[in-house]
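See below for the structure under consideration.
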Amino acid sequence: MSTPLDRSTHWPYDLHGDPGRFSYQRFGSPTVAAAEAALGELDGGTALLFPSGAGATTALALSLLEPGSTIALAEGAYYGTGLTFELLSRWGLRVVEFDQTGPPPPDVDLVWLEAPSNPFLTLPDLEAAATHPARVVVDATAATPVHLRPLEHGADFVLHSATKYLAGHSDALLGVVVCRDEAAAEQLLTFRSRTGIVAAPDPAWLLLRGLQTLEVRVRRQTETAGLLAGRLRDHWSVQTVRWAGIGGLLSFDVADADAARAVETSTRVIVNATSLGGVTSSIESRSRWEGDRVPPGLLRLSVGLEDPEVLWADLEQALGGPLS
Ligand SMILES: *Cc1c(COP(=O)(O)O)cnc(C)c1O
């Protein structure tokens, strides 16, 4: 009923002295392999698990590209992804940003999309990207395979921070890359085995536990996010509401940085914290991390599994209540 947790770092050879499927944990281990099988099924490809979403990003970029290669990165995508690539510029990696709602720029070696982007919540034009000669990565952390399977829309790789919705309980740091092509998965596996950027069994077990409820969690989070987005749009103190129509992540703007700070520190049910995708709702002003890349009054809300009316009441009191 439940996948056993095997923490072994190595396993005995068979009676002839040959390695079996598992020999040394850096090359692969049973609990991680079970999680990869489940993730591969969800996205329709071959999955490889990494110790974090950022680890998956680093491994994928380094294994596919070389000095002088250019990545076309969706503008407004996860801030940390841009920072990772900036760090890799020392090794000759170049990045150009583009509007992912249109076609990617020509003459790039890899197209990096985000569905929907965090925290701007735009959706990429997957059809336009699929006709581009470069390989296409879709970071579908916020959509999850419940709402989007990018490999079916021509993407070559799907990446998730499994820390978020997939594990889903704010207690496991993990990333995954799901490859459409078996040869690409082999190449990435070799890179992972050599560099050691590999996931450990304990978080993989927590991920397997979380995946059992992925669909019900995400469907409920999407439904609640839709309800809250609609009510926020009608609230007098909210200027812009961004929600992609799928997933439990949304963002909205209040007047300025002070107003945003007042809202995030006034919620009682919704926790004032970073990250997303857990069962407990959380809110934060993103300018604390992203500076002027985001409007000063932008608040990012990750909708959890609480009663939607309790969440709305909490937001309403934090926003200053109904206009009376
Ligand atoms: C959190 C996040 C990441 C990075 O994942 P970690 O597990 O924190 O390393 C990448 N992409 C998106 C969209 C994210 O939200």
Side-chain angles (χ1 to χ4, degrees), residues 32 35 39 43 47-62 71 73-88 95 97 100 110-124 136-148 150 155 157-178 192 195 197-200 202-204 206-207 210-211 218 221 225 242-244 246-251 273-278 281-284 286 288-290 293-294 298-304:
V32 169
L39 293 164
D43 262 314
L48 288 170
L49 206 53
F50 294 88
S52 66
T57 296
T58 303
L60 189 56
L62 290 181
I71 300 178
L73 175 63
E75 126 205 320
Y78 175 60
Y79 183 56
T81 299
L83 291 182
T84 300
F85 293 154
E86 203 179 297
L87 192 77
L88 296 179
V95 174
E97 291 201 352
Q100 68 168 350
L110 187 65
V111 175
W112 199 287
L113 309 172
E114 207 168 278
S117 63
N118 166 10
F120 288 100
L121 285 311
T122 65
L123 282 169
V136 175
V137 179
V138 179
D139 179 336
T141 298
T144 82
V146 173
H147 290 302
L148 182 70
F157 303 94
V158 189
L159 182 143
H160 300 276
S161 166
T163 312
K164 315 290 171 54
Y165 295 96
L166 299 180
H169 294 74
S170 313
D171 55 8
L173 188 74
L174 284 169
V176 61
V177 176
V178 189
R192 188 182 74 172
T195 57
I197 312 178
V198 66
D202 281 88
L206 288 167
L207 170 61
L211 288 179
V218 170
Q221 284 160 334
R242 303 173 199 84
W243 181 55
I246 52 169
L249 190 66
L250 57 92
S251 70
T274 195
S275 199
L276 54 126
S281 298
S282 61
I283 193 167
E284 72 163 329
R286 283 302 291 175
R288 64 154 54 70
W289 299 105
E290 304 190 36
R293 191 173 171 263
V294 295
L298 184 146
L299 289 155
R300 190 184 69 189
L301 174 63
S302 168
V303 175

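Throughout, residue positions are numbered sequentially from 1 according to the sequence presented. Counting convention: from 1, in listed order, for ligands and their atoms alike. In this text the structure is predicted, and so the values were computed from the model without any measurement.
Shortest contact from atom 6 (P) of ligand 1 to any protein heavy atom: G53 N, 3.3 Å. When only non-hydrogen protein atoms are considered, atom 15 (O) of ligand 1 lies nearest to K164 NZ, 2.8 Å. In terms of protein heavy-atom proximity, atom 9 (O) of ligand 1 is nearest to A54 N, 2.8 Å. D139 OD2, 3.4 Å is the protein heavy atom nearest to atom 13 (C) of ligand 1.
Side-chain atoms of E114 come within 3.5 Å of backbone atoms of N118 as a donor-acceptor pair (strictly under, hydrogens ignored). Not one N or O on the side chain of T122 forms a donor-acceptor pair closer than 3.5 Å with the backbone of S117. For the pair Q100 (side chain) and W112 (backbone), a donor-acceptor distance under 3.5 Å is absent. Checked by atom type and distance alone, the side chain of R192 pairs as donor or acceptor with a backbone atom of L49 at under 3.5 Å.
Between F120 and R242 the shortest heavy-atom distance is O-CD, 3.4 Å.
For ligand 1 and T163, the ligand atoms under 4.0 Å from any heavy atom of the residue are 7 (O). Of all the atoms in ligand 1, the ones that sit under 4.0 Å from a non-hydrogen atom of E114 are 13 (C).
Residue L174 touches ligand 1 through its backbone alone, judged by heavy-atom distances below 4.0 Å.
Checked by distance only, ligand 1 and Y78 stay at 3.5 Å or farther apart across all their nitrogen or oxygen atoms. Where the criterion is an N or O separation shorter than 3.5 Å, residue side chain and backbone included, L159 fails it with respect to ligand 1.
Side chains of L48 and V176 form no contact here, defined as non-hydrogen atoms less than 4.5 Å apart.
A donor and an acceptor atom, one from each side chain of W289 and E284, are located under 3.5 Å apart.
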